[in-house]
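Note that this is a predicted model, so its numbers are computed, not measured.
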Amino acid sequence: TAAPSPATLISPPNLHLPPQVGYSARHPFSELFMRVASALVLANTGTGMASAGAPAIAAELLQQLRPALAGEPVDLLMVFVSAALSASFEALVAALRAELLSPDRGHLLAVTAESIIGNDQEVERQQAASVLALSFGNADVEIHPFHLHEEDWPETIGEDGALRQRLGNIGDARAFIVFADPFTTPVVQLLDVWSRQFPEAPVIGGMASGMRAAGDARLALDDGVFS
């Protein structure tokens with residue numbers, strides 16, 4: 001099946017983010033206590049991680065993340081996985097979600113990519129996985145995940161107000177984090193509609209990459225995985 005769009009909104013006095021998966025949050029940043037943790041694992045044959053698979057990769061990422069998180073709950077977990085590791089994608093994101101997110105709090109957004117960035121390093125033409133974990137601390141954060149389906153594109157980009165209606169009750173979103181499948185997403189038309197219906201809200205994110213054909217991309221929103 002072709003992947004739709006997952007997105008996330010987050011709102012601190014109005015901060016919203018979308019990918020092909022989405023969330024949102026509100027609060028003046030001057031009053032926020034936020035904790036951000038990043039981790040990167042190389043999974044090439046020489047490291048032994050590739051053959052060990054998802055459990056070993058997840059364990060190493062968790063070992064790097066936990067000191068920085070200092071026990072704080074994770075509100076938004078973003079995972080980036082080399083397209084070459086797509087066979088391990090579902091197991092990897094499931095393991096990270098189980099360890100870092102509680103059933104009643106926190107959301108996950110994940111995507112396959114050609115280049116992987118984590119900490120202060122960018123990895124190209126190698127197998128790798130990285131994680132960005134955000135804890136919003138004392139902020140009054142509302143997260144609204146959404147997924148835009150391929151079959152809905154004609155209506156979503158062709159009818160006035162359809163995008164806002166599909167995103168649900170997101171109020172005055174300030175930003176969107178969006179990850180999309182390049183084979184099924186009319187990104188130029190979608191961004192044009194987004195800019196008209198949400199003129200004050202920037203769109204942050206990008207396209208899944210590293211795949212050669214439709215259906216090869218992997219995207220995840222919470223416990224859903226799309227290809």
Side-chain angles (χ1 to χ4, degrees), residues 1-27 75-81 89-90 93-94 97 101 103-113 132 134 136 139-209 211 214-227:
T1 60
S5 292
T8 298
L9 310 177
I10 302 181
S11 63
N14 308 349
L15 165 65
H16 282 324
L17 318 175
Q20 267 206 41
V21 187
Y23 308 88
S24 81
R26 298 186 179 181
H27 222 282
D75 293 294
L76 179 58
L77 181 66
M78 291 187 283
V79 184
F80 305 90
V81 181
F89 179 86
E90 187 167 358
V93 297
R97 183 171 179 266
L101 301 181
D104 60 346
R105 177 170 178 165
H107 295 272
L108 175 138
L109 183 59
V111 63
T112 50
L132 185 64
L134 294 87
F136 296 108
D140 181 14
V141 176
E142 298 175 6
I143 293 184
H144 303 281
F146 59 85
H147 181 210
L148 301 176
H149 296 267
E150 180 188 5
E151 58 268 26
D152 295 329
W153 287 136
E155 180 181 342
T156 301
I157 64 178
E159 297 183 12
D160 289 344
L163 175 62
R164 181 178 286 275
Q165 183 177 13
R166 295 217 175 269
L167 296 183
N169 183 23
I170 60 172
D172 53 352
R174 285 292 190 85
F176 291 92
I177 298 177
V178 175
F179 296 144
D181 174 18
F183 291 97
T184 61
T185 305
V187 64
V188 174
Q189 297 94 321
L190 179 61
L191 290 176
D192 179 61
V193 171
W194 227 305
S195 67
R196 285 188 277 110
Q197 295 191 21
F198 299 94
E200 304 299 325
V203 175
I204 305 163
M207 308 298 286
S209 60
M211 70 292 300
D216 288 349
R218 296 291 182 273
L219 301 104
L221 176 61
D222 292 338
D223 59 354
V225 176
F226 309 95
S227 62

Can you see which heavy atom on [X] is nearest to which on [Y], and at what distance?
{"X": "Thr185", "Y": "Ala180", "value": "OG1-CB, 3.5 Å"}
{"X": "Glu155", "Y": "Ala162", "value": "O-CB, 3.2 Å"}
{"X": "Ala217", "Y": "Asp181", "value": "CB-OD1, 3.9 Å"}

Close side-chain approach of [X] to [Y], heavy-atom, < 4.5 Å:
{"X": "Phe89", "Y": "Val79", "answer": "no"}
{"X": "His149", "Y": "Arg166", "answer": "no"}
{"X": "Phe198", "Y": "Leu163", "answer": "yes"}
{"X": "Leu190", "Y": "Ile157", "answer": "yes"}
{"X": "Leu132", "Y": "Leu134", "answer": "yes"}
{"X": "Val187", "Y": "Met207", "answer": "yes"}
{"X": "Leu148", "Y": "Leu167", "answer": "yes"}

Decide if atom CD of Glu200 counts as having more than 12 heavy atoms of other residues, nucleotides or ligands within a radius under 6.0 Å.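 No, because the 6.0 Å sphere around CD of Glu200 holds 12 heavy atoms or fewer from other groups.
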Can you confirm whether more than 12 heavy atoms, excluding those of Glu90, are under 6.0 Å from its CD atom? no
Once you round to the nearest 0.5 Å, how far does [atom1] of [X] lie from [atom2] of [Y]?
{"X": "Ser209", "Y": "Phe80", "atom1": "OG", "atom2": "CZ", "result": "11.0 Å"}
{"X": "Thr156", "Y": "Glu150", "atom1": "OG1", "atom2": "CD", "result": "11.5 Å"}
{"X": "Trp194", "Y": "Gln189", "atom1": "CH2", "atom2": "CD", "result": "13.5 Å"}
{"X": "His107", "Y": "Met78", "atom1": "NE2", "atom2": "CE", "result": "13.0 Å"}

Given side-chain contact (heavy atoms from CB on, under 4.5 Å), test Val81 with Arg218 step by step and report yes or no. CA-CA 9 Å; Val81 181; Arg218 296 291 182 273; over 6 Å; no
Is the backbone of Leu108 close enough, under 3.5 Å, to the side chain of Asp222 for a donor and an acceptor to pair up by distance? yes
